[in-house]
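Below: one structure, written as structure tokens.
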There are 2 protein chains.
Amino acid sequence: MPYDPSAFPPFAVTVDLVVLTVRRHALCALAVRRGEPPFQGRWALPGGFVRADEDLAQAAARELAEETGLRAHDPAVPVQDNGAHLEQLATYGDPKRDPRMRVVSVAHLALAPDLPAPRAGGDASNARWAPVEELLQQGGYGRDGEPVAPLAFDHAQILADGVERARSKIEYSSLATAFCPPEFTVGELRRVYEAVWGVALDPRNFHRKVTGTPGFLVPTGGTTTRQGGRPAQLFRAGGATLLNPPMLRPEV
Amino acid sequence: MPYDPSAFPPFAVTVDLVVLTVRRHALCALAVRRGEPPFQGRWALPGGFVRADEDLAQAAARELAEETGLRAHDPAVPVQDNGAHLEQLATYGDPKRDPRMRVVSVAHLALAPDLPAPRAGGDASNARWAPVEELLQQGGYGRDGEPVAPLAFDHAQILADGVERARSKIEYSSLATAFCPPEFTVGELRRVYEAVWGVALDPRNFHRKVTGTPGFLVPTGGTTTRQGGRPAQLFRAGGATLLNPPMLRPEV
DNA sequence: AGTGTTTATCGTCAGGCAGACGACTATGAT
DNA sequence: ATCATAGTCGTCTGCCTGACGATAAACACT
């Protein structure tokens, strides 16, 4: 039964963003504090209305720039500069997800390297990077002993879906490099995998795997000792986007 | 910048369906003929407006039932009866995708076993199963020499995305069984993979792989000769949804 | 009944890849 | 000088896969 333009219920359409990064060996997401009801004072994912003349991807890129200053990447171009990877995640449209009106939210997933600091319209106290486990634990107590309120709306579900997407996608793609600065070492890339998956990986097998996969990493010639220890080769992300065979996530 | 309920542009929200099945060794999709402008007389994917009190998944399941009579499966339950697998695919919201108004379409992907016949509101001439290559070839000539018009709206893109999702998802999940009747043989399952991927697979290695993966197939005890040749064991889909290690799609 | 065709199923073998882990190297810190 | 840290190169073993031989059980002929 294709479109019947004579009558349709009006919807509001928003984009919500799951912006992930790796800080201090932990997978973190960007959260903003709500300044107005509903869920006033609670943490939520950044997002906003899609404008009348805007594509969904444009709206997501605009929101991402407003919240973080990051430019979104053209998905066809390999991740190289400080731009972020941005892709559509899923769409959430439960009739009761927003108590005010019927809102359909097209969630997007962004992966960014570690950033200096978040900015929410210039107000830093209303935006922060929080470890995803902290944002996802429902009604417990945070590390500072403060009670933890769950995220507003259905944002806990959206965040969980985004985290799972990131976890599975770095298995068979080179997307983990989106968490890294333009030049990085094999060890830094390994710590990204370890943070996202929450596991420890064997440095020797990891090194063999990533350097042996054609197109994954391109040596820049430089070295660095910023992690301490023996100097490590620096790499850029290569052109390969699909890893075959994939990097398998260890069981349990 | 979270929700500002004071002003937002109104959208129409629809669900479009990519319904795939395997018929006569070919991957086919359900297409309906448009009865009214725009794109009158052209083929399109089935779909329709989301109702005011409906969840997106509900709307997709309702459309699926209207077009095919299929009940959608609870995703948590393994595919066993004649119900179809149904999952959200992606959302398409280009401002110009519908010339009449701003329409955001949440596309869903359904995988169904071979069905007796399509029905579009009782009118069979306005619905058909067509091989996906036929629907996706732009402006060529079909097998009957008739000129082929491309699908309406951006439905060629949606269909292509759905096909790619199905092709990749049967690699690492047991979803290929959604194309099979409740009981099926290893050879029938192999022909599903061959049709979806468009490749030939070695029957011996395929048999070893699927029967050796715990939880993928459960023998029912019966046998059948409906494919000719030596009687083959009948299986049901097992509880496993994730295949580890995956069934790798051959290169090239 | 015999022969060929079709499909199913079991087995064998070699190559590739991953996990476990030993060994060595090159820095900075004490 | 010694230690701690991190990076890099090898080795070995087991598992999985692709290629492919062989056998089994039905049906369609003659």
Side-chain angles (χ1 to χ4, degrees), chain A residues 24-25 170-172 180-181 183-195 197 199-235 240 242-252, chain B residues 24-25 170-172 180-181 183-195 197 199-235 240 242-252:
Chain A
R24 290 185 255 106
H25 292 204
I170 65 174
E171 279 191 271
Y172 55 89
C180 294
E183 295 198 348
F184 52 90
T185 69
V186 173
E188 289 165 346
L189 183 62
R190 174 169 49 81
R191 280 181 280 274
V192 164
Y193 275 92
E194 291 179 333
W197 285 344
V199 297
L201 300 174
D202 185 289
R204 298 157 291 189
N205 293 336
F206 183 87
H207 188 276
R208 178 184 59 192
K209 173 70 179 174
V210 296
T211 57
T213 300
F216 193 2
L217 299 182
V218 179
T220 66
T223 62
T224 182
T225 63
R226 61 185 172 216
Q227 300 290 338
R230 170 177 165 178
Q233 264 190 283
L234 284 169
F235 294 88
L242 253 57
L243 264 43
N244 205 322
M247 171 97 61
L248 288 175
R249 174 163 29 163
E251 331 253 324
V252 184
Chain B
R24 288 185 256 105
H25 292 204
I170 65 173
E171 279 192 89
Y172 56 88
C180 294
E183 294 199 348
F184 52 89
T185 69
V186 173
E188 289 165 346
L189 182 62
R190 175 169 49 81
R191 279 180 281 275
V192 164
Y193 274 91
E194 292 178 333
W197 284 343
V199 298
L201 299 175
D202 185 290
R204 298 158 290 191
N205 293 336
F206 184 87
H207 188 277
R208 179 183 58 193
K209 173 71 178 172
V210 295
T211 57
T213 301
F216 193 2
L217 299 182
V218 179
T220 66
T223 62
T224 183
T225 62
R226 62 186 172 218
Q227 300 291 336
R230 170 177 166 181
Q233 264 189 283
L234 284 170
F235 295 88
L242 253 57
L243 265 40
N244 205 323
M247 171 97 59
L248 288 175
R249 176 163 27 164
E251 330 255 322
V252 180

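Numbered from 1 within each chain, the chains take letters A, B, ... in sequence-line order.
Counting only distance, with no hydrogens or angles, the side chain of B:Y193 and the backbone of B:I170 share a donor-acceptor pair below 3.5 Å. Between the side chain of B:E171 and the backbone N or O of B:R249, at least one donor-acceptor pair lies under 3.5 Å. Side-chain atoms of B:E183 do not come within 3.5 Å of backbone N or O of B:T220 as any donor-acceptor pair. Judged by distance alone, the side chain of B:T213 and the main-chain N or O of B:F216 form no donor-acceptor pair under 3.5 Å.
The closest side-chain heavy-atom distance from B:V186 to B:F235 is below 4.5 Å. Contact check for A:R191 versus A:Q227: side-chain heavy atoms found under the 4.5 Å cut-off.
In this structure, CD of B:Q227 is placed 23 Å from P of D:dA24, rounded to the nearest angstrom. Between the CZ atom of B:F184 and the C1' atom of C:dT7 there is a distance of 17 Å, rounded to whole Å. Taking atom NZ of residue B:K209 and atom C1' of nucleotide D:dA19, one finds them 17 Å apart after rounding to whole Å. A:H207 has its NE2 atom 19 Å from the P atom of C:dA20, to the nearest Å. In this structure, CG of A:L248 is placed 16 Å from P of D:dC15, rounded to the nearest angstrom. Between the C1' atom of C:dA20 and the CZ atom of A:F206 lies a distance of 17 Å, rounded to the nearest Å. A:L217 has its CG atom 14 Å from the C1' atom of D:dG7, to the nearest Å. When the C1' atom of D:dC16 is taken as reference, atom OH of B:Y172 falls 21 Å away, rounded to whole Å.
Judged by distance alone, with hydrogens and angles left aside, B:N205 brings a side-chain donor or acceptor within reach of the base of D:dA19, the pair sitting under 3.5 Å. Between the side chain of A:R208 and the base of D:dG10 there is no donor-acceptor pair of N/O atoms closer than 3.5 Å. Judged by distance alone, with hydrogens and angles left aside, B:R204 brings a side-chain donor or acceptor within reach of the base of D:dG21, the pair sitting under 3.5 Å.
Evaluated for a side chain to side chain contact (heavy atoms under 4.5 Å, CB included) with B:F184, the options B:V192, B:L217, B:L234 yield exactly one hit, B:L217.
Contact between the side-chain N/O atoms of B:R190 and the OP1/OP2 oxygens of C:dT9 is not found at any separation under 4.0 Å.
Distance CG/A:N205 to CZ/A:R190: 11.0 Å, rounded to 0.5 Å.
For the pair B:Q233 and A:R249, both in contact range of DNA chain C, the more 5′-proximal nearest nucleotide belongs to B:Q233. The residue among A:R191 and B:D202 whose nearest nucleotide of DNA chain D lies closer to the 5′ end is A:R191.
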Worksheet, complete the sentence: Intra- and inter-strand pairing of DNA chain C, written as dot-bracket with Watson-Crick and G-U pairs under 3.5 Å and | for the latter, reads ||||||||||||||||||||||||||||||

Worksheet item: Quick one: what's the B/S/- string for nucleotides 25-30 of chain C, heavy-atom cutoff under 4.0 Å, read 5' to 3'?
Response: BBB---

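Take A:Y172 and apply the ring-ring contact (aromatic ring centres under 6.0 Å, His included) test, not counting sequence neighbours, and it matches no residue.
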